[in-house]
2 protein chains.
Amino acid sequence: MTKESMISQLRKRGLKVTPQRLAIIDVLMEQGNSHPGASLIYKKAKKKRKSLSLSTTYATLNEFSRHGIIKTLQFDKMEDRYDRNLEEHINLICERCKKILDYNVPFIVDPKRVVKKTGFSITDARLEYYGLCRECREEERSIKG
Amino acid sequence: MTKESMISQLRKRGLKVTPQRLAIIDVLMEQGNSHPGASLIYKKAKKKRKSLSLSTTYATLNEFSRHGIIKTLQFDKMEDRYDRNLEEHINLICERCKKILDYNVPFIVDPKRVVKKTGFSITDARLEYYGLCRECREEERSIKG
DNA sequence: ATTTCTGCAAATCATTTGCATATCT
DNA sequence: AGATATGCAAATGATTTGCAGAAAT
């Protein structure tokens, strides 16, 4: 997403375009695919808008995420990270420097290929599917009719 | 893992077999594959050992996890969950009731098959590989020789 | 004029830490 | 005895909340 498309997303959805939000968008753009966390985004964006508060930063990132403008990534023992890359991709998380690399392929992929293509050596993997279990699906069905 | 094998793991590793730990192990066994969190484990284990504290519960679960006796699972906006199932498997997380089901197949699997076999309907997936990025690998190499 | 945002301080939740005491081996 | 574990209270870190004033449409 470009800065302009982010801004037009805000307009389209009746969200206000404030200097704080613009500062955060700029940081998001500058950070590329480094998947910054709220604290870094706050620190960088505050340089552009001195009045910016941390809670506004959170509110903004939540709002963007809720509207699908960015994606919130949650990991083990780390603050949440925010991702501009909305395509289906694998996150390669470095356990040492906490860098998160994108590998833009759909989910079903051979780990050996990842190493070969990216130089990232895998020591652990986690696959999680989110959704509804059979029981909850049946309950939802009977509630909604 | 059975209760007995857990206890012998403790002995093997020089960890002490205390009543608190036994209470926690019992809860772990009773909970089967429900992947309880620390708060539930604490609540249940405290019934068996009235003196048990929450911090001991955490210390114990951390110790068990560090020694590979259980596995710590971390998810979005939920407390950590603990898993007795040490085999490679997929976690199916119900977004509604927070139940976590195991599907005992290796990671590379077709989501459609999951639905067919388990009745769990997938709305979102996350795949994460942990390890070392190329740069960190090179750094480690040059440090260690 | 309204609706939505912002910034502050305080609250929350899960988890960890420091430390003196108690308990295992 | 010596090592490790326990329980308490306080600290931590990330994130959220309540709310009054400020800014965007």
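Proteins come first, then strands; the chains are lettered A, B, ... in the order of their sequence lines, and each starts at number 1.
Heavy-atom nearest nucleotides on DNA chain C were determined for B/A38 and for B/T18, and the one closer to the 5' end corresponds to B/A38.
OP1 or OP2 of C/dT6 has not a single side-chain nitrogen or oxygen of A/R49 nearer than 4.0 Å. Proximity of B/R11 to the phosphate of C/dC24: no side-chain N or O atom is located under 4.0 Å from OP1 or OP2. A/S55 has no side-chain polar atom (N or O) that falls below the 4.0 Å cut-off from OP1 or OP2 of C/dC5. Between C/dT16 and B/Y58, no contact under 4.0 Å exists linking OP1 or OP2 to a side-chain N or O. A sub-4.0 Å separation between OP1 or OP2 of D/dT15 and a side-chain N or O of A/N62 is absent. Look at A/Q20 and you'll find a side-chain N or O under 4.0 angstrom from OP1 or OP2 of C/dG7. The shortest distance between the side-chain N/O atoms of B/T60 and the OP1/OP2 oxygens of D/dT6 is below 4.0 Å. Distances shorter than 4.0 Å separate some side-chain N or O of B/T56 from OP1 or OP2 on D/dG7.
Rounded to an integer number of Å, the gap from A/Y42 OH to D/dG13 C1' is 15 Å. Distance CZ (A/R13) to C1' (C/dT4): 16 Å, rounded to an integer number of Å. When rounded to the nearest whole Å, the span between CZ of A/R66 and P of C/dT4 equals 13 Å. Counting to the nearest Å, the C1' atom of D/dA22 and the NZ atom of A/K50 are 17 Å from each other. The distance between atom CG of B/L15 and atom P of C/dC24, rounded to the nearest whole Å, is 15 Å. When rounded to the nearest whole Å, the span between CG of B/L54 and P of C/dC13 equals 13 Å. Residue B/L40 contributes atom CG, which lies 13 Å from atom P of C/dT15 at whole-angstrom precision. For A/K46 and C/dT6, the NZ to P distance is 13 Å, given to the nearest whole Å.
In the set C/dC24, C/dG7, D/dT6, the nucleotide with an atom closest to the side chain of B/K16 is C/dC24. Distances from the side chain of B/P19 to the nucleotides C/dC24, D/dT6, C/dC5 place C/dC24 closest. Nearest nucleotide to the side chain of A/S53, out of D/dG7, C/dC8, D/dT25: C/dC8.
When each of A/L28, A/I25, A/N85 is tested with A/I70 by the rule side-chain contact (heavy atoms from CB on, under 4.5 Å), just one qualifies, namely A/L28.
Remark: B/K48 engages B/E30 in a salt bridge, criterion side-chain N to carboxylate O under 4.0 Å. Salt bridge B/D26/B/K3: present, at least one basic N to carboxylate O contact under 4.0 Å.
Side-chain contact between A/N91 and A/L101: absent, with no pair of heavy atoms (C-beta onward) separated by less than 4.5 Å. Between A/R81 and A/Q74, the closest side-chain pair of non-hydrogen atoms is not below 4.5 Å.
Among the atoms of the strands shown, only primed sugar atoms or phosphate atoms (P, OP1, OP2) are found under 4.0 Å from some heavy atom of B/S51.
A pairwise comparison of heavy atoms in A/P19 and A/R49 identifies CB-NE, 3.4 Å as the closest pair.
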